[in-house]
2 protein chains.
Amino acid sequence: MAQHDPHSFVHMNCGGCPIRHRAVCARCDATELTTLEQMKYYRSYQAGQTVVWSGDRMDFVASVVSGIATLTQTMEDGRRQMVGLLLPSDFVGRPGRAIAPYDVTATTDLVMCCFRKKPFEDMMEKTPHVAHRLLEMTLDELDAAREWMLLLGRKTAREKIASLLSIIARRDASLRLEQTSGQIVFDLPLTREEMADYLGLTLETVSRQISALRKEGVIGLEGKRHVIVPDFDRLSEETGDDSDGGFLN
Amino acid sequence: MAQHDPHSFVHMNCGGCPIRHRAVCARCDATELTTLEQMKYYRSYQAGQTVVWSGDRMDFVASVVSGIATLTQTMEDGRRQMVGLLLPSDFVGRPGRAIAPYDVTATTDLVMCCFRKKPFEDMMEKTPHVAHRLLEMTLDELDAAREWMLLLGRKTAREKIASLLSIIARRDASLRLEQTSGQIVFDLPLTREEMADYLGLTLETVSRQISALRKEGVIGLEGKRHVIVPDFDRLSEETGDDSDGGFLN
DNA sequence: CGACGACTTTGATCTGCGTCAAGGCCGCTG
DNA sequence: CAGCGGCCTTGACGCAGATCAAAGTCGTCG
């Protein structure tokens with residue numbers, strides 16, 4: 001989804017930390033690269049652990065190395081809405097704001113590459129390319145949020161499920177286990193409840209709609225309930241989105 | 001809502017174009033200011049006119065001078081969801097992307113201050129403060145979008161209406177007509193249908209809920225239906241949000 | 001001023017999804 | 001291996017909000 005123009009940031013080191021792919025600029029000089037390298041540190045979380053609570057001080061920014069994290073907002077009476085889904089290489093945290101406006105939670109075991117905020121901000125001042133890249137990433141996220149708003153406000157339960165499966169299958173290649181004869185098999189990393197929080201539904205409705213899609217042969221479930229084999233074309237017909245199913249920007 | 005840190009961009013000229021308030025940095029030098037001044041031009045639209053169609057090429061970025069514009073997404077069968085509401089001084093357009101991903105429509109008579117995209121991007125390269133400020137604005141919008149997602153996914157019709165009225169009353173001081181004895185009187189610039197598109201409801205439900213709030217004395221309508229006198233405290237109790245009603249970041 | 005059109009209100013009815021409840025599957029632990 | 005806890009499925013029922021329909025308000029233009 002994220003587009004890279006020829007002058008954008010590049011993948012510097014395949015084996016390394018993804019922050020290099022996302023926040024390090026090809027045009028930065030060696031000193032800047034070294035500064036970034038020295039600043040970074042790693043943190044691990046277990047599935048289910050909370051990374052930051054809404055309202056808490058957040059003194060770092062970070063990039064997901066492996067695993068999945070969610071951003072959620074909770075109302076006083078416990079109603080929850082997921083507002084962000086972070087897959088490997090996604091960025092969390094907001095330069096220039098101290099307080100986290102939502103909970104960040106690890107839904108699987110999670111490793112993040114962190115930078116203390118102050119030094120990171122100082123570096124941004126000196127390295128305009130980083131700010132530029134961050135702007136690009138934030139705009140991508142904003143577009144995704146708006147797509148999500150259409151889903152929440154106007155789609156039916158069935159369309160919501162189909163959209164979610166399409167989005168995940170499209171977005172995270174790392175979840176694709178096999179690709180034989182055009183079929184995409186992937187491990188769905190969310191529980192029914194997490195899907196419900198993503199879609200603004202209850203977990204029962206999610207379950208029912210998934211069963212319905214399975215009975216109709218649009219998707220298939222394998223063994224442990226989380227492995228899904230969608231009939232990709234039929235699935236994207238169900239999303240309610242424009243036919244081609246892709247973003248053509 | 002937008003916070004200005006001491007080093008942020010400042011209001012340079014009360015009578016002038018709001019792009020100066022938003023995108024011009026106090027620390028920029030005279031040459032940069034002059035460049036910006038020379039680049040800008042104005043466009044006017046009538047209420048109801050479309051500024052850009054989704055999928056069209058958008059070769060400028062702009063700042064709203066006066067009036068109100070909306071960003072909306074439309075599904076093939078006509079279901080519509082508003083995904084952005086632009087009030088004076090808000091910014092539209094995405095440096096680095098050619099195609100508009102949603103319709104931009106003037107809901108009132110509208111004046112925008114525009115910059116052709118290419119020169120604006122070139123200036124961003126040379127003037128890091130502008131990119132920095134733009135990042136800050138985009139992050140604010142992202143936060144607003146996430147708040148909006150909670151509204152769409154989890155709030156009841158009544159809570160949605162109360163939230164919308166609070167948001168508008170809080171956000172746009174220019175709509176406040178009088179403030180006597182703590183009462184805020186403001187002109188609501190949206191039709192029932194536009195509110196419905198904002199909230200993910202039908203216009204009938206919007207109308208019914210507004211009638212209900214009025215009968216209960218939470219809000220009042222004056223003469224032409226668009227002038228509303230909310231009992232602000234009671235209104236914010238209805239939003240479902242945390243009690244204080246404000247963002248305390 | 002009358003008629004038209006844009007917008008709003010209100011009522012009657014329908015339905016998709018939420019709620020409540022029971023039971024199934026599976027892995028873990030004693 | 002029995003019992004337990006987490007997660008998922010399925011059924012029965014109810015309700016918030018959608019849909020369909022009709023009538024009211026108000027500005028405007030001949």
Side-chain angles (χ1 to χ4, degrees), chain A residues 46-49 75 77-81 107-108 151-165 187-216 219-228 238 240, chain B residues 46-49 75 77-81 105 107-109 151-165 187-216 219-228 238 240:
Chain A
Q46 293 179 340
Q49 239 185 314
M75 296 172 67
D77 60 6
R79 281 175 278 172
R80 291 165 59 83
Q81 176 63 53
T107 66
T108 64
L151 177 149
L152 290 171
R154 295 301 187 192
K155 290 190 179 179
T156 64
R158 166 182 263 252
E159 287 167 343
K160 286 177 175 182
I161 298 284
S163 301
L164 172 58
L165 297 178
D187 184 24
L188 186 59
L190 304 176
T191 65
R192 299 290 119 107
E193 188 175 16
E194 286 159 348
M195 288 189 246
D197 285 344
Y198 186 113
L199 300 170
L201 296 171
T202 59
L203 81 180
E204 294 95 330
T205 300
V206 171
S207 181
R208 272 187 254 272
Q209 295 297 336
I210 288 184
S211 298
L213 288 172
R214 188 190 35 189
K215 272 174 204 143
E216 296 170 30
I219 60 173
L221 303 193
E222 272 184 11
K224 37 247 155 235
R225 277 178 214 74
H226 286 166
V227 181
I228 302 230
E238 299 286 348
Chain B
Q46 293 180 340
Q49 239 184 314
M75 295 171 66
D77 60 6
R79 282 176 279 172
R80 290 165 59 82
Q81 175 63 52
T105 313
T107 66
T108 64
D109 288 345
L151 178 149
L152 290 171
R154 295 301 186 192
K155 290 190 178 178
T156 64
R158 167 182 260 253
E159 288 168 342
K160 286 177 174 182
I161 298 285
S163 301
L164 171 60
L165 296 178
D187 186 23
L188 186 58
L190 303 177
T191 65
R192 298 291 118 107
E193 188 175 17
E194 285 157 351
M195 288 188 245
D197 285 343
Y198 186 111
L199 300 171
L201 297 170
T202 59
L203 81 182
E204 293 95 328
T205 300
V206 170
S207 181
R208 271 188 253 273
Q209 295 295 336
I210 288 183
S211 298
L213 288 172
R214 188 189 38 190
K215 272 174 204 143
E216 296 170 30
I219 62 172
L221 302 192
E222 273 184 10
K224 37 245 153 240
R225 278 178 214 75
H226 284 165
V227 181
I228 301 230
E238 301 285 348

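Just so you know, these numbers come straight off a predicted model, no measurement behind them. So that the names make sense, note that chain A is the first sequence line, chain B the second, and so on, each numbered from 1.
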Any residue meeting side chain to side chain donor-acceptor pair (under 3.5 Å) with [X], in chain and number order, not counting sequence neighbours:
X	value
B:S207	none
B:E238	B:R158
A:T205	A:T202
B:R208	none

Just the rounded figure in Å: distance from [atom2] of [N] to [atom1] of [X].
X	N	atom1	atom2	result
A:E193	D:dT9	CD	P	14 Å
A:E159	C:dC17	CD	C1'	14 Å
A:I161	D:dT9	CD1	P	11 Å
A:K160	C:dG16	NZ	C1'	11 Å
B:L213	C:dT9	CG	P	12 Å
A:D197	C:dG18	CG	P	12 Å
B:D77	D:dT19	CG	P	10 Å
A:L221	D:dC7	CG	C1'	14 Å

* Asked: Under a 4.5 Å cut-off applied to non-hydrogen side-chain atoms, are B:K155 and A:M75 in contact?
  ->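 They are in contact (side-chain heavy atoms under 4.5 Å apart), so the answer is yes.
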* Between CD on residue A:Q209 and CG on residue A:L164, distance to nearest 0.5 Å ->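 Nearest 0.5 Å value for the CD-CG distance: 12.5 Å.
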* Asked: Of the residues in residues 200-211 of chain B, which ones touch DNA chain D at a heavy-atom distance under 4.0 Å?
  ->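 Going residue by residue through residues 200-211 of chain B, the ones with a heavy atom under 4.0 Å of DNA chain D turn out to be B:G200, B:L201, B:T202, B:E204, B:T205, B:R208.
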* **Under the salt bridge (charged side-chain N to carboxylate O under 4.0 Å, His left out) test, residues paired with A:R79 that sit two or more places apart** =>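 Applying salt bridge (charged side-chain N to carboxylate O under 4.0 Å, His left out) to A:R79 gives A:D77, B:E159.
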* Tell me, please, which residues at least two apart from B:E194 pass salt bridge (charged side-chain N to carboxylate O under 4.0 Å, His left out). =>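 Testing B:E194 for salt bridge (charged side-chain N to carboxylate O under 4.0 Å, His left out), a comparison that skips the adjacent residues, returns none.
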* To do: Return the nearest nucleotide to the side chain of A:K215; candidates are D:dT10, D:dT9, C:dT9.
  =>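 Between D:dT10, D:dT9, C:dT9, the one nearest the side chain of A:K215 would be D:dT10.
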* To the nearest 10 degrees, how far apart in direction are the end axes of the helix from C:dC1-D:dG30 to C:dG30-D:dC1, each fit to five base pairs? ->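 It works out to 20° between the end axes.
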* Asked: Backbone N or O of A:D197 within a donor-acceptor pair of the A:Q81 side chain at under 3.5 Å?
  ->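 Yes; at least one donor-acceptor contact below 3.5 Å.
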